[in-house]
There are 2 protein chains.
Amino acid sequence: MAPDTARQSTRPAHLGIPSPAAGLHAGGLFANCPDLIGSPSVFARDEEIFGEGEEAEFVYKVVSGAVRTYKILSDGRRQITGFHLPGDLFGFDPGEIHRHTAEAVSDTKVLTFKRRQIERAATQKAEVACQLWDLTARTLRHAQDHMLMLGRGSALERVAAFLMAVGERLGDAGSFDLPMTRRDIADYLGLTLETVSRTISQLEGEGALLRAGARQVTLRRTRMRRLIDA
Amino acid sequence: MAPDTARQSTRPAHLGIPSPAAGLHAGGLFANCPDLIGSPSVFARDEEIFGEGEEAEFVYKVVSGAVRTYKILSDGRRQITGFHLPGDLFGFDPGEIHRHTAEAVSDTKVLTFKRRQIERAATQKAEVACQLWDLTARTLRHAQDHMLMLGRGSALERVAAFLMAVGERLGDAGSFDLPMTRRDIADYLGLTLETVSRTISQLEGEGALLRAGARQVTLRRTRMRRLIDA
DNA sequence: CGGGCGATTGAATCGCATCAAGCTATGTGG
DNA sequence: CCACATAGCTTGATGCGATTCAATCGCCCG
């Protein structure tokens, strides 16, 4: 009943593994709409795909590479709200206007779909509208899990959960490559790049992961979970 | 292009006024569905309306009072994801299961709607499905704005933005009453109740608000904005 | 081989959390 | 009607974790 038990702490504790960092695997979304075929398109590292405030003409699906979506504050602080990996959809803020900027994290191939076309399909077929609803709902769930992380997690919890989530989404076969920089990770987790770097070193020091270069990591999931659970 | 300009700082700065703390004014959502009529229901202060993990049988609309929705971590930390004020809808996580717990912040009147009924209407009428989609999208926008706050805002920015948002949603006629405790505010903003208290005192000290008792506040919006802008 | 960006590491600082009293309303029972 | 209890709020002292500032390292690419 009363919330009097709510405690706060900066100490490590179980955050639950949040849903993958942006997880919007498209499933068969457009499968049954034969006229909805995406046009392939390529973006170079750090190239803008769309900007905040622009008209939302297209919707995108990542084929290879990675994309970040973010907002910038007037003083330059940046909050990345999601990373989009192969298979993920992005750019689907309902409404006429993009509410984020999207950039390629690395060289990236995407499929582009006309938003108008999709929305028209939605107004005609309730089935399509429900799928879009479900898609937005999954994005919402991710956002809420991430809120929990940003509001309540220590640096250790945030970084560990992030690495595990990205690993899973990349189909972690033992080890994997992080597509993004430390700064990107920091701006996603609400930390500084130095803290991210230190925390990864700490995780390595405690045997929760191995590194081969800055980007390639091998997770020891059991040890990592032990670190953040207790 | 490159995100190298992203800076970080703990200093106050413009966060943009985030959308109101949960803002889901129902608009005319169920207006054109004459068979969807809510049953009135009353909950006492701190009474649970639904629990995380429960089957999502109903959807709610606040008539009077206030509701909080939150998640609890295994160690007791609580993250409130939204406050729901008169006119707001809540409990509409798509899916069969509630992903939050909802409690009355103060004595509260709500209207309850059968979720099944609404979803059935959605599968039949594309128009309804689109409205639900839009509803979820608005919740998503709020969540993303809140992420920005949690990830990047100082205590001062968070509290000031929160007060302004709540004031607006309550139709701030000069001054208004906060329905929730300092602990609730803290668990929403990712702070401790002491920090919230101190920050409000600080805002008062700098002439950004007046207090009449702990809960009633009068905002000096211009001064408050100056404080967080610069 | 050298330039440069990204990552790491160190030292000092700061903001918020934590721990710990008091304070102030509100309400209750004698 | 007042003493007392209690819940919520405020305020103070202290500590810790993350940020900030500042080198330095190391890898990748020209």
Side-chain angles (χ1 to χ4, degrees), chain A residues 1-13 44-46 75-78 105-107 149-159 163 177-187 189-205 209 211-217 228, chain B residues 1-13 45-46 75-78 105-106 149-159 177-187 189-205 209 211-217:
Chain A
M1 310 288 169
D4 297 329
T5 48
R7 269 192 71 323
Q8 294 199 144
S9 158
T10 340
R11 318 237 169 288
R45 179 174 202 261
D46 291 334
D75 69 339
R77 286 175 295 176
R78 179 180 70 161
V105 167
S106 54
D107 291 352
M149 190 86 124
L150 293 172
R152 290 290 174 237
S154 66
L156 193 70
E157 291 171 296
R158 297 186 206 194
V159 172
L163 292 175
D177 267 62
L178 291 168
M180 68 290 286
T181 66
R182 298 291 188 260
R183 169 175 290 285
D184 283 336
I185 298 174
D187 287 350
L189 297 178
L191 300 168
T192 59
L193 66 90
E194 294 95 333
T195 299
V196 171
S197 182
R198 273 186 249 275
T199 305
I200 291 176
S201 297
Q202 184 191 343
L203 286 168
E204 187 182 32
L209 61 80
R211 274 189 287 187
R215 300 294 185 87
Q216 190 187 326
V217 295
I228 62 179
Chain B
M1 312 298 152
D4 297 327
T5 49
R7 270 195 69 319
Q8 294 198 144
S9 159
T10 341
R11 316 240 169 287
R45 178 173 203 262
D46 290 336
D75 68 341
R77 285 174 295 176
R78 180 180 70 160
V105 168
S106 55
M149 190 86 124
L150 293 172
R152 290 288 173 237
S154 67
L156 192 71
E157 291 171 295
R158 297 186 207 194
V159 172
D177 268 63
L178 292 167
M180 68 290 286
T181 66
R182 299 291 188 260
R183 169 175 291 286
D184 284 336
I185 298 173
D187 286 351
L189 297 179
L191 301 167
T192 59
L193 66 90
E194 294 95 332
T195 298
V196 170
S197 182
R198 270 187 250 274
T199 305
I200 291 175
S201 298
Q202 184 191 344
L203 286 168
E204 188 183 29
L209 60 82
R211 275 189 285 186
R215 298 291 185 89
Q216 192 189 323
V217 296

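By convention in this document, chain letters (A, B, ...) are assigned in the order of the sequence lines, proteins followed by strands, and residues within each chain are numbered from 1.
The CG-C1' distance, from A:Leu193 to C:dC5, rounds to 12 Å in whole Å. The interatomic distance linking A:Gln216 (CD) with D:dC28 (P) rounds to 11 Å, in whole Å. Atom CG of A:Asp46 is separated from atom C1' of C:dC5 by 12 Å (rounded to the nearest Å). To the nearest angstrom, C1' of D:dC29 lies 12 Å from CZ of A:Arg45. Atom C1' of nucleotide C:dT8 and atom CD1 of A:Ile185 are separated by 14 Å, given to the nearest angstrom. The distance from atom CG of B:Leu203 to atom P of D:dC9 is 16 Å, rounded to the nearest whole Å. The distance between atom CZ of A:Arg77 and atom C1' of D:dT20, rounded to the nearest whole Å, is 15 Å. The CG atom of A:Asp107 sits 11 Å away from the P atom of D:dC29 (whole-angstrom rounding).
Considering only side-chain atoms of A:Arg211, the nucleotide from C:dT8, C:dA7, D:dC9 that sits closest is C:dT8. Nearest to the side-chain atoms of A:Arg215 among the listed nucleotides D:dA18, C:dA7, D:dG8 stands C:dA7. Of the listed nucleotides (C:dA20, C:dA17, D:dT20), D:dT20 has the atom at the smallest distance from the side chain of A:Glu194. Distance from the side chain of A:Thr192 is smallest for D:dT19 among the nucleotides D:dC9, D:dT19, D:dA18.
Looking only at atom types and distance, the side chain of A:Thr199 has no donor-acceptor partner in the side chain of A:Gln202 under 3.5 Å away.
Regarding contacts with the backbone of C:dT8, every side-chain N or O of A:Ser201 stays at 4.0 angstrom or more from both OP1 and OP2. Between C:dT8 and A:Arg182, a contact under 4.0 Å exists linking OP1 or OP2 to a side-chain N or O. One finds no side-chain N or O of A:Thr195 lying less than 4.0 angstrom from the OP1 or OP2 phosphate oxygen of D:dA18.
In this structure, B:Leu203 and B:Leu156 have side chains that are in contact, with non-hydrogen atoms separated by less than 4.5 Å.
Annotation: the span from A:Met149 atom CE to A:Leu189 atom CG amounts to 6.0 Å, rounded to 0.5 Å. Interatomic distance, B:Leu178 CG to B:Asp184 CG, rounded to the nearest 0.5 Å: 10.5 Å. Going from atom CD of B:Glu204 over to atom CG of B:Leu209 covers 6.0 Å, rounded to the nearest 0.5 Å.
In this structure, A:Thr181 reaches the sugar-phosphate backbone alone: every heavy-atom distance under 4.0 Å involves primed, P, OP1 or OP2 atoms, never a base.
When each of A:Val196 and B:Arg198 is assigned the nucleotide of DNA chain D bearing its nearest heavy atom, the one mapping closer to the 5' terminus is B:Arg198. Both B:Gly213 and A:Met180 sit near DNA chain C, but only A:Met180 has its closest nucleotide nearer the 5' end.
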